[in-house]
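Labels below follow one simple rule: chain letters A, B, ... track the order of the sequence lines, proteins then strands, and each chain is numbered from 1.
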2 protein chains.
Amino acid sequence: MNEAQGLGESLTEQVAAQLREQVTGGLLTPGQRLSEVRLAADLAISRNTLREVFRLLTREGLLRHEPNRGVFVAVPSMASILDIYRVRRMIELPALAQAWPRHPAVAQMQAAVRLAEDAGQDWRVIGSANMEFHAAIVALTDSPRLMGFFAQVAAELRLAFGLLDSPELLHAPYVGRNAEILSLLQAGRPAEAAAALETYLGESERTVLAAFARLG
Amino acid sequence: MNEAQGLGESLTEQVAAQLREQVTGGLLTPGQRLSEVRLAADLAISRNTLREVFRLLTREGLLRHEPNRGVFVAVPSMASILDIYRVRRMIELPALAQAWPRHPAVAQMQAAVRLAEDAGQDWRVIGSANMEFHAAIVALTDSPRLMGFFAQVAAELRLAFGLLDSPELLHAPYVGRNAEILSLLQAGRPAEAAAALETYLGESERTVLAAFARLG
DNA sequence: ATGCATTAAATTGTTGAACAATACCGCAAG
DNA sequence: CTTGCGGTATTGTTCAACAATTTAATGCAT
């Protein structure tokens, strides 16, 4: 079990990234139970290593661990979505309002906008680019802790998105807004950019909650 | 290895709590290397279980993991302290400013204040009570994500405190301020309470940074 | 002595098997 | 229909082994 080792990264972290992708990408259904023996066999790793991965992703909030019962894909609730958007406001708004318009992360924001604009109808790429845009906003703070925390929360949100029916409606309307926020920031008007982001988040939250309520 | 099982909690989490306490309590020196075989023997657990614990605490920021070299107790830097206080401001100030004066967490705040007042000269208890006070402030938000994030950051800060020489100076001056903040909140003046907390955090940060600079 | 390549020892990374402890499931009895 | 009981599957934890890598030691040439 040592063929395609990804240079420096331990197997545990590789598999963690892989599983993270599968969970947030919707390949694994929320609530689904993950059998240790079966999943270990599927991933071609040992059960012990898989348990290390489980501990990682459980702390990230993507998996839920019930003692002596197993681990399950976390199932997003209305409360968790409300909480996530609250955290996003608390982090993203000050980050943007206090931003230095020539911060390196602005380039990341621009790259994410371009990526979304050139993505055509591929909502998967659009969604990913959208999240990169907001991660770049948080990167404006130069705070490793905020960036890590946001990445975690963003992963949880992606998990919730995967539960909804029409994902294109959740991302597509916002690529234009991202571009607007970016140009406001580049024009040296961070306060207005933050204001635009606030309405953005409000609408996004409403959309997500509505789509969520439509499921029961 | 199944004598004093702590009712429901898995052994991994028990040991994680134990190690967390040892790290934040200063029993383990920052930078110190933690040998898997030796520590596993000391804790009377298997190496595999210990590795699960390592993964937990590494993600919490208390340990650092260098591939193929081992795990070390994280060593706080000036940058990390600055970052931590920035996060604290961002979380605690809005939490207090928007607080409902009759929120259940107010009781926790009060309990922490009393505990500190009755602690005499035991700076260990005072420091612990102080942290509980601020955790209670975050609990005012009813946000599980913010609470978890704060707990993590607070643990990192305790780790940094352990590095400093006169810990009583870091906590003792602030028990009075905590009481003041609490009474302002109970009096229905959360804005003023938040303002008091802001000066509190500013002074505390300056004190910590000064003590830290005194080490090199 | 100093610098450097090579070998040996120690440690981490990962696996597989084993067993205990717990939860799950079907079935019989009341 | 519920309760109690056993059998089975799964998780929790340990142990022993080996591969891979780092660290230390050794010896040699300068």
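Distance from the side chain of B/Ile45 is smallest to D/dT14 among D/dT22, D/dT14, C/dT14. Listed nucleotides D/dG12, D/dT14, C/dT14 differ in distance to A/Glu36; the shortest reach to its side chain belongs to D/dG12. Of the candidate nucleotides C/dT12, D/dT13, C/dT14, D/dT13 has the atom lying nearest to any side-chain atom of B/Ser10.
No side-chain heavy atom of A/Ile91 sits less than 4.5 Å from a side-chain heavy atom of A/Ile137. A heavy-atom distance below 4.5 Å is not found between the side chains of B/Arg55 and A/Val53. The shortest distance between side-chain heavy atoms of B/Phe161 and B/Thr24 does not fall below 4.5 Å. Side-chain atoms of A/Leu164 and A/Val208, non-hydrogen and from C-beta on, do get closer than 4.5 Å to each other. Side-chain contact between B/Leu163 and B/Phe212: present, with at least one pair of heavy atoms (C-beta onward) separated by less than 4.5 Å.
A donor N or O paired with an acceptor N or O is found under 3.5 Å between the base of C/dT14 and the side-chain atoms of B/Arg47.
The aromatic ring centroids of B/Tyr200 and B/His134 lie less than 6.0 Å from each other.
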In residues 94-120 of chain A, what donor-acceptor pairs under 3.5 Å come from side-chain atoms, sequence neighbours left out?
from	atom 1	to	atom 2	distance (Å)
A/His103	ND1	A/Ala105	N	2.9
A/His103	NE2	A/Asp142	OD1	3.1
A/His103	NE2	A/Asp142	OD2	2.8

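What separates CG of B/Leu43 from C1' of D/dT13 is a distance of 15 Å, to the nearest Å. Nucleotide C/dA23 holds its P atom 5 Å from the CG atom of A/Asn68, rounded to whole Å. If you measure from atom CD of B/Glu13 to atom P of D/dT11, you get 16 Å, rounded to the nearest angstrom. Spacing between atom CG of A/Leu39 and atom C1' of D/dT10 amounts to 14 Å, rounded to whole angstrom units. We find that CZ of A/Arg33 is positioned 10 Å from C1' of C/dA23, with the value rounded to whole Å.
Looking at heavy-atom distances under 4.0 Å, A/Arg38 makes no contact with the nucleic acid at all.
The distance from atom CG of B/Asp83 to atom CD of B/Glu156, rounded to the nearest 0.5 Å, is 8.5 Å.
If A/Leu34 and A/Asn48 are placed on DNA chain D by their nearest nucleotide, the residue sitting closer to the 5' end is A/Leu34.
Contacts with DNA chain D (heavy atom under 4.0 Å) in residues 49-65 of chain A: A/Arg51, A/His65, listed by number. For DNA chain C, none of the residues of residues 15-22 of chain A falls under the heavy-atom distance limit of 4.0 Å.
Not a single donor-acceptor pair under 3.5 Å links the side chain of B/Arg51 to the backbone N or O of B/Glu36.
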